[in-house]
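Report on the structure given below.
Source: prediction; values computed, not measured. Numbering starts at 1 and runs along the sequence shown.
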Amino acid sequence: MKTKFTRRQLLRASALAGLGALAAACGGGAAPEPTQPEVAPTEALEPIPGAPSERPRAPVNLKEVPRNRTLIVNYGGAGGQYTNQGITNPWAIGFNHQEGNALLWEPLFYYSVFANKEIPWLAESGEYNEDYTELTIKMRPGAEWSDGVPITSADVKYTLDTLIENDALNYHAQVAEAVKEVQAPDERTVIIRFNKPSPRFKFEILSLKFDTGIPILPKHVMEQMYDVVAVPGDDDMVHSGMFNTVQTPQQKIFDLREDWWGFKTGFQKKPDVERVLMIPISDMTTTAQRVVNNEVDATLDMRPSLIRSVVEQNPKIITHTGRQEPLGYVDWWPNSLWVNTQLPPYNNPDVRWAISLALDRDTIDRFVFNGVKLTTIFPYPEYEPLKPYLDRVRPRGEALGAGRFSLEESAARMQRAGFTKDAEGFWVKDGQRVNATIHGFEVIHADIAPILVEMLRRGGFEASVNFGTDAFQRMVDGQPGLYLYGHGGSLIDPYATLELYHSRSSQPTQAGIGGSNRFSRYNNPEFDRVVDEMSVIPPGDSRLNALFEKAMDIYWGEMIDIPLIQWLHRIPYNTTYWTNWPTQENPYLNGAFWHYTFPLLVLNLKAAA
C-alpha cells in the first residue's frame with residue numbers, strides 16, 4: 001500500500017529521486033533542490049525584521065505571535081535564501097537538521113556536554129547487559145506522533161532495521177556493522193542485540209548531541225513511502241517534536257504545538273517561546289547589524305573582531321562568557337589541516353610534519369585570538385570527560401614536538417622527503433610544487449586562513465585560500481591541498497575521534513568516502529588494531545589508557561592530520577526579548593541553536609518581559 005501524496009510532494013519527490021546515488025556518494029551531503037511548484041495563493045505573511053524584502057514570499061496563513069514570544073535566529077541558507085525548504089524527512093536527500101528541523105524530530109536520548117548529562121526523552125531508560133552485547137530500552141508512555149498515533153517500540157525497531165537494510169542512509173554502515181537484531185516484544189520494550197560488545201551504541205547512535213545521533217521515525221508513515229530517500233516530507237510531514245513548520249526560501253517558521261505529547265503527559269512545561277523564526281544569512285556584516293539592532297536574538301558564531309564589536313555596541317548582548325573574553329565556549333569541533341594521506345606528496349609523514357612545523361601557533365593565538373590560548377596539539381575538544389585522557393598523553397605529544405614551530409626542522413623534513421627549493425623559494429620535487437591550497441569557508445575561516453597562508457609560504461609551501469563553493473566537495477573527494485575543517489568525534493572518551501582515521505575509510509577511489517569528517521583516508525593496520533580493541537571497552541575503563549597512548553603515539557608520529565585550533569563558538573545572545581541563555585554560570589547546554597539539542601534551548605529560554 002502506498003501513501004497518497006499532494007501534487008507538490010510528487011513533483012518534488014520525482015525530481016529528487018534521481019539524486020540518491022549522488023547523496024550516498026557524498027556521505028549524505030545535500031543535493032541541489034528542485035524548483036518548488038506553485039501552490040494556491042492564500043493570505044501573505046507580513047514582512048519580518050531582517051528578512052529580504054525584495055524577494056517574493058510563499059503565501060501561507062499563520063496566527064499572530066507577538067515579538068516577545070518569537071525567537072528569531074539568523075542562520076544558514078545560500079545567497080540570502082534557503083534552497084532546501086520543505087525537506088523535513090530526516091532520510092531525504094537535502095535534509096538539514098541545522099536549519100531548524102531539529103525542532104521537528106526527537107531521539108531516544110539527548111546529551112548535554114556542559115552538564116555532562118544524559119537526558120532520556122522518547123525512552124525512559126536504556127540498560128546494557130554485563131558484556132555490552134545487548135541493550136534493553138524502555139519507551140516513555142504517552143509519547144505520540146503529530147497525527148496522534150502512539151510512539152512505540154515498533155517505531156524504534158523500524159528505524160534501526162531500515163538503517164541496517166538501506167545503504168543510502170546516513171548511519172547505515174555503523175548500525176549494520178553493530179546490530180545483529182532488534183526485537184520489540186511489547187509496545188514499550190526494545191531489545192537490541194549486537195554482533196560484538198558495543199558499549200558506545202546508545203551514546204553515539206541513539207543519543208542526539210551536537211550534530212550526531214539518529215532521531216526516531218514513524219513506522220506507519222515511512223513504510224508506505226515508495227522511497228524513503230526520495231520523499232522530502234514537506235511542511236505537513238508527521239513528526240514527534242513540539243513544533244510545526246511552514247518553510248519558504250525567505251524564512252523557516254516553527255510554531256509551538258499546543259497538543260504536543262510532552263505537554264499533555266506533563267513531561268515538559270510549555271516554553272515561553274511560541275514561535276521560532278529562522279532567516280537566512282546574506283553576509284556576516286548584515287547579520288551583526290541585525291543582532292545589534294535587536295532584530296534577531298542569536299546568530300551563527302562570529303570571528304573575534306566582529307563579536308567584540310557587537311558586544312560593545314549593544315549592552316543587551318552577551319555570550320557564553322558574558323561580555324568578557326573569550327566571548328564564547330569551546331565547541332566539539334577542533335580544526336586541523338587535513339590532507340589525503342593516500343595522495344602524494346601528502347602520503348609522506350615528513351611532508352605532513354613539515355607543514356605542521358611551519359605554523360607558528362603562538363602567533364596565531366596572539367593575533368587571531370587576542371592572546372587566548374586556542375591552538376592545540378589534539379584532534380579533541382578539551383572537555384571535562386576527555387581531560388584525564390588528554391592530560392595523560394600531553395607530555396608525549398610535547399616531547400615529540402607536536403605543535404612546535406621551526407622552519408629549520410620543517411626544511412630538514414622536506415629535504416629528507418626529496419624536495420628542493422626552486423627559484424621562488426617553494427618546495428619542488430620532480431618539477432611539481434606542493435599544492436598547499438587551503439580549502440575552507442569564508443564565513444568561519446576568514447580570520448585564520450590568510451595567516452596560515454602567509455606562514456606556509458614563508459616555510460616554502462605554495463599556499464593560497466579557496467573559499468569557493470567547491471571547497472567542501474574537494475575535501476570529500478580527496479583532492480590535492482589542505483582541508484581546514486573540524487573533527488566531529490569524541491565527547492566522553494577518545495574512541496570516536498580515533499575511529500575517523502580507521503582504514504575502513506581509506507579507500508582512495510571511493511567517491512565521497514571523505515564525508516562525515518573522514519578526510520584523511522589513513523591506512524595503518526597497527527593503528528586499526530588499537531582502535532578495534534578500544535571499540536569493545538566501555539568509556540571510563542582503565543584499559544583504554546594504554547591503548548590511547550599507543551594510538552596517539554601513532555597519530556603524532558605520523559602526523560595523520562595537522563592539529564591546529566580548538567574551535568570557539570562566539571555566539572551573540574541578545575537579551576532584549578530572551579533571557580536564560582546557556583552561559584558559563586548556567587551551563588545547562590551548549591548554545592548552538594543549529595545543533596540537534598535546539599529543543600532543549602527553546603524549553604529553557606525565558607521571555608524578558
N84 versus E99, side-chain donor and acceptor atoms under 3.5 Å: yes

Looking at D493 and R200, is any side-chain nitrogen of the basic one under 4.0 Å from a carboxylate oxygen of the acidic one? yes

Do N166 and H172 get their side chains close enough for a donor-acceptor pair, meaning under 3.5 Å? no

Would K202 and F109 count as a cation-pi pair here, with the cationic atom under 6.0 angstrom from the ring centre and within 45° of the axis? yes

Flag the pair H439 / W338 as yes when their ring centroid distance falls below 6.0 Å, and as no otherwise. no

How long is the span from the OH atom in Y483 to the CZ atom in F472, to the nearest 0.5 Å? 11.5 Å

Could E526 and K550 be called an ion pair, given the rule that one side-chain N must be under 4.0 Å from one carboxylate O? no

Answer yes if the ring centres of Y380 and F548 are under 6.0 angstrom apart, and no otherwise. yes

Are F527 and Y522, when compared by the centres of their aromatic rings, separated by less than 6.0 Å? yes

Using the six-membered ring wherever Trp is involved, compare the ring planes of W91 and Y158 and label them parallel, tilted or perpendicular (cut-offs 30° and 60°). tilted

In this structure, which one of Y588, Y329, Y573, W581 forms a ring pair (Phe, Tyr, Trp, His ring centres under 6.0 Å) with H320? Y329

Heavy-atom neighbours of K373 NZ exceed 12 at 6.0 Å: yes

In terms of side-chain heavy atoms, does Q479 have a donor or acceptor partner in N340 at a distance below 3.5 Å? no

So, using side-chain contact (heavy atoms from CB on, under 4.5 Å) as the criterion, who are the partners of P349 when residues are at least two apart? R352, E558

Using a 6.0 Å cut-off, check whether atom NZ of K196 has over 12 heavy atoms from anything other than its own residue. yes

Go through the side-chain N and O atoms of E134 and Y128 and say whether any donor and acceptor fall under 3.5 Å apart. no

Taking the ring of F267 and the ring of W121, is the distance between their centroids below 6.0 Å? yes

